[in-house]
Amino acid sequence: MRIKKLLWIVGVGLLIYLLYLVASFFLWEEERIQGFYLIPEDAIFFMEMDKPIKNLEVLAESQIWDHFQTQPQIREMSAKLNSVDSLFQDDTDLFKRIGDRDLIISAHMIAQDDYAFLYIADLRKWSRLSLLKSNINQFFREGYEVTSRTYKEVEITEVTDQETFETLSLAFIKNQLIASYTPQLVEKSVDASINPQIGRNLQFLEVQRQVRKDDLFRFYLNHQLLSDYWQVFSKEESAIIQTLEEYFDFSGFKVDVEDDRLLVAQGASNGNGTLQNLITALDEAGTGSIDATTVLPQETALYASFGFNSFLDLHDNFYGLLEERQPEMVKEYRTNRKKVENFLDIDLQADFYNWMGDELALVQCGNPGQGSGQPAFGDKEGLAVVIKANDIAFAKASLEKIQEKIRKKTPVKFQEVPYRDHKINYLQIKGFFQLILGSLFEDIEKPYYSIIDEFVVFSNSPRTIKLFIDGYEDRTSLIGDETYREFVDHFSSQSNIFLYVNTNKLANASERYLTPSSRQQLRENRSFYSQFTHLGLELKAEKKSFETRMVIAYDPDYDIEAIELEERTRKIPLDLVNVKKEEIDKATVFDIPPIFPSDFTASYYEEKHLNGKTKMKVRLKDGIPDGRYRSYYFDGQLRISGRFDEGEQAGRWKAYLRNGTLFHKKRF
């Protein structure tokens, strides 16, 4: 009887102890640390996912994600993320056991022309399993050498692939697992845990508060390191990058895939005192229209629009607020302004500011088309400032007055030149736009100008002015482009700042500024990048930050090779070409023979002519055509361009003659 009672007491005791263990594991919290506290302060950008496994499955269902996987560097980054899990033994299945954890991925410069990633995963309750931490080496597959070392009292496990000799470094910091293929980043993360910088930055915390909601993932940009990152790609400084770095602190976006063709991000941006003054001034000045597209040519590569009710109100409010914080900067501006006014005997407010309407735009045009017969733009050509006038007659009279003052003060003998019922004039005032509008406009040095409709267009080059006039007179301005109109419908009709980028035109216009390696990468991957055809960013002033909205358009029908071919041959009359009916016929040209690859795991299927040149190439998915299709003539000239969607012809298909002239097109 006593033995039974003793056993009963022992059983109850064990049950109570087990209940205690369960409660302590699932209910009682131990000391934790936020993942953002572990991000080293030199992070250029970082991404956050609440449920990475689930959200990546959602992304994987979209055409955009499929397209991302065709880019080698992105595919390699994804593979490395997947390899963190694949290191573990199948029967362990560690990551599935610990569940869909919060994940942060941050990017850091590790050389002048290279960057690497740090992964931070919140293990939450599973971090309390000391068995997991102390026996981590038991979970890895064969073929990996596992060693460990200590850095500032934190044990770092290093897992080396015996075939590639690539090493993944892992460490546990309270509830967080940190990992990187660059060991210095793990050490920097340990340092950050001792003295957090980003996680305690008030500007970052404010942006995070505005964007941390349910979505696929959040993306944060640290503006303070943009110039270093920019140097990886470009050999030239950028006024836009310098402005973003000098005045902005952080931007944050919550990112979602709206449909198969749009990547949408909404969030907030903030910055230093100067930017906060500008935001306040813009908030008080109101929003402006986005109307300059009525005079912008379709060659527009970049269009940055600044909107307000009144430029004069914005100007006075901004400098009034700035004087409280940076009186020396305001004093310098007023001194320089007075020098210009005294030298030319003008009043900038009366002769310039008073006629400015509700929109000011900075525009970069792409190079003239290859089929236009015009030489490519030189340095600082294609750049323009467009100002909407509230009274175009007043603007014309004021500019003529300034022009006359310049003639009297300088030896310039330039006479206006008529062109298609417009007049092109010249203002030799070096640094004029930098003085009144800031460093973003410093590349407009001694501008030509012309009046088009209710806008005044300024540019370093009369060729650029001519491009604007031709587009307006020929009714080929940007607003007439159907793809632009469809894209801009995803934004408000009014904003404080609106940025539009035609990515392909901008890539062509800026190629000469890229580093040799970046230029080579751009050319090698242009089929990938070219299908992200449009990018738009909208900023609206709201208290001390900007409300932001970004949209990236993906067009699977966009074929850069076919478009360039059309540009080269668009002036060749079709009736000058001898078409051989047995070679190409409108009725049958798009009848594609069945495609049955020998390898269903391959990404592409390709056929060759007898001379070794490509005859046909198509992207595959699970053994069926899914993506870009091209066929070629015997000499390598493009014959057919189109796209498959899960084995079916889709979108726009085009056929070309041997000389490159477009012969026939059809939409499926």
Side-chain angles (χ1 to χ4, degrees), residues 29-50 52 77 80-81 84 98 101-112 114-124 126-128 132-133 136 148-159 167-212 217-229 232 245 248-253 267 270-272:
E29 294 286 345
E30 71 173 16
E31 189 177 7
R32 300 177 60 200
I33 187 170
Q34 290 187 30
F36 288 105
Y37 282 6
L38 305 184
I39 301 176
E41 61 180 327
D42 61 356
I44 310 158
F45 60 84
F46 41 100
M47 297 175 285
E48 174 193 23
M49 283 186 178
D50 293 335
M77 188 185 78
K80 282 190 173 182
L81 179 58
V84 174
I98 64 178
R101 299 291 135 208
D102 295 354
L103 177 68
I104 296 172
I105 304 174
S106 60
H108 306 261
M109 299 295 300
I110 56 173
Q112 187 174 358
D114 195 15
Y115 54 95
F117 296 93
L118 172 72
Y119 306 96
I120 305 170
D122 188 350
L123 301 185
R124 298 180 186 171
W126 289 94
S127 66
R128 304 183 64 184
L132 171 66
K133 299 178 182 180
I136 187 70
S148 64
R149 61 187 176 88
T150 300
Y151 178 77
K152 295 188 176 178
E153 300 182 0
V154 174
E155 184 177 8
I156 297 177
T157 300
E158 296 180 325
V159 186
T167 299
L168 174 71
S169 298
L170 300 162
F172 293 92
I173 300 179
K174 297 181 181 176
N175 53 300
Q176 302 286 349
L177 167 65
I178 56 177
S180 178
Y181 284 91
T182 303
Q184 294 87 344
L185 291 184
V186 173
E187 294 176 3
K188 286 184 176 182
S189 184
V190 173
D191 293 337
S193 71
I194 300 170
N195 183 26
Q197 296 296 317
I198 288 179
R200 288 179 178 172
N201 187 293
L202 295 179
Q203 294 289 72
F204 165 70
L205 292 174
E206 178 58 28
V207 166
Q208 183 193 38
R209 182 188 65 80
Q210 296 184 61
V211 303
R212 204 166 191 184
F217 64 91
R218 269 84 64 200
F219 178 89
Y220 300 95
L221 181 64
N222 181 358
H223 290 263
Q224 302 306 304
L225 297 167
L226 282 182
S227 290
D228 293 340
Y229 189 53
V232 175
E245 182 177 79
F248 284 76
D249 287 334
F250 287 94
S251 290
F253 299 93
N270 59 23
N272 60 21

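The structure presented is a predicted model; accordingly, all values stated were derived computationally and were not measured.
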Requested in this report: For residues Ile110 and Ala116, report the shortest heavy-atom separation together with the two atoms involved.
Outcome: CD1-CB, 3.8 Å
Query raised in the report: CD of Gln184 to OG of Ser169: how many Å apart, nearest 0.5 Å?
Result: 8.5 Å
Report task. Kindly determine whether Phe250 and Asn201 satisfy side chain to side chain contact (heavy atoms under 4.5 Å, CB included), including the steps that lead there. Result -> CA-CA 10 Å; Phe250 287 94; Asn201 187 293; 3.6 Å; yes
**Report entry** Residue pair Glu187 / Ile156, side-chain heavy-atom distance below 4.5 Å
**Finding:** yes
Query raised in the report: What pairs meet the salt bridge (Lys or Arg N to Asp or Glu O under 4.0 Å) rule with one or both residues in residues 38-47, with sequence neighbours excluded?
Result: Asp42-Lys188
Query raised in the report: Do Lys152 and Ser193 touch side chain to side chain, with heavy atoms closer than 4.5 Å?
Result: no
Report task. In sequence, state the C-alpha distance, the side-chain angles, and the governing distance for Ser148 and Glu158, and then conclude on side chain to side chain contact (heavy atoms under 4.5 Å, CB included). Result -> CA-CA 6 Å; Ser148 64; Glu158 296 180 325; over 6 Å; no
**Report entry** Shortest non-hydrogen separation from Val211 to Phe253 and the atoms involved
**Finding:** CG1-N, 4.2 Å
Report task. Check whether any side-chain heavy atom of Ile44 sits under 4.5 Å from a side-chain heavy atom of Asn222, and report yes or no. Result -> no
**Report entry** Heavy-atom closest contact (Gly271 atom, Gln203 atom, distance)
**Finding:** O-NE2, 2.6 Å
Query raised in the report: Does the side chain of Glu206 come under 3.5 Å of the side chain of Asn270 through a donor N or O and an acceptor N or O?
Result: no
Report summary line: Taken to the nearest 0.5 Å, the spacing of Gln176 CD from Asp102 CG works out to 8.0 Å
Query raised in the report: What heavy-atom pair brings Leu168 and Ala179 nearest, and what distance separates the two atoms?
Result: CD1-CB, 4.1 Å
Report summary line: Between Phe219 and Met47 the two heavy atoms that sit nearest each other are CD1-CG, 3.6 Å
Report summary line: Taking every heavy atom of Ala171 against every heavy atom of Val154, the minimum-distance pair comes out as CB-CG1, 4.0 Å
Query raised in the report: Do Phe46 and Phe117 have ring centroids that are under 6.0 Å from one another?
Result: no
Query raised in the report: Does any non-hydrogen side-chain atom of Leu177 lie less than 4.5 Å from one of Leu170?
Result: yes
Query raised in the report: Does the side chain of Asn195 pick up a donor-acceptor pair with the side chain of Tyr37 at under 3.5 Å?
Result: no
Query raised in the report: Got a second to check how far Asp122's CG is from Asn175's CG, nearest 0.5 Å?
Result: 4.5 Å
Query raised in the report: Is any side-chain heavy atom of Pro40 closer than 4.5 Å to a side-chain heavy atom of Leu118?
Result: yes
Report task. Determine whether Asp249 and His223 make a side-chain contact, defined as any pair of heavy atoms from C-beta on separated by less than 4.5 Å. Result -> no
**Report entry** Between CD on residue Glu48 and CD1 on residue Ile120, distance to nearest 0.5 Å
**Finding:** 10.5 Å
Query raised in the report: In terms of ring plane angle, is the pair Phe36 and Phe204 parallel, tilted or perpendicular, where the classes change at 30° and 60°?
Result: tilted
Query raised in the report: From Tyr151 OH over to Ser189 OG, what is the distance, rounded to the nearest 0.5 angstrom?
Result: 10.5 Å
Report task. Using distance alone, with no hydrogens and no angle criterion, decide if Ser227 and Glu245 have a side-chain donor and acceptor under 3.5 Å apart. Result -> yes
Query raised in the report: Going from OG on Ser106 to OH on Tyr220, what distance comes out if it is rounded to the nearest 0.5 angstrom?
Result: 13.0 Å
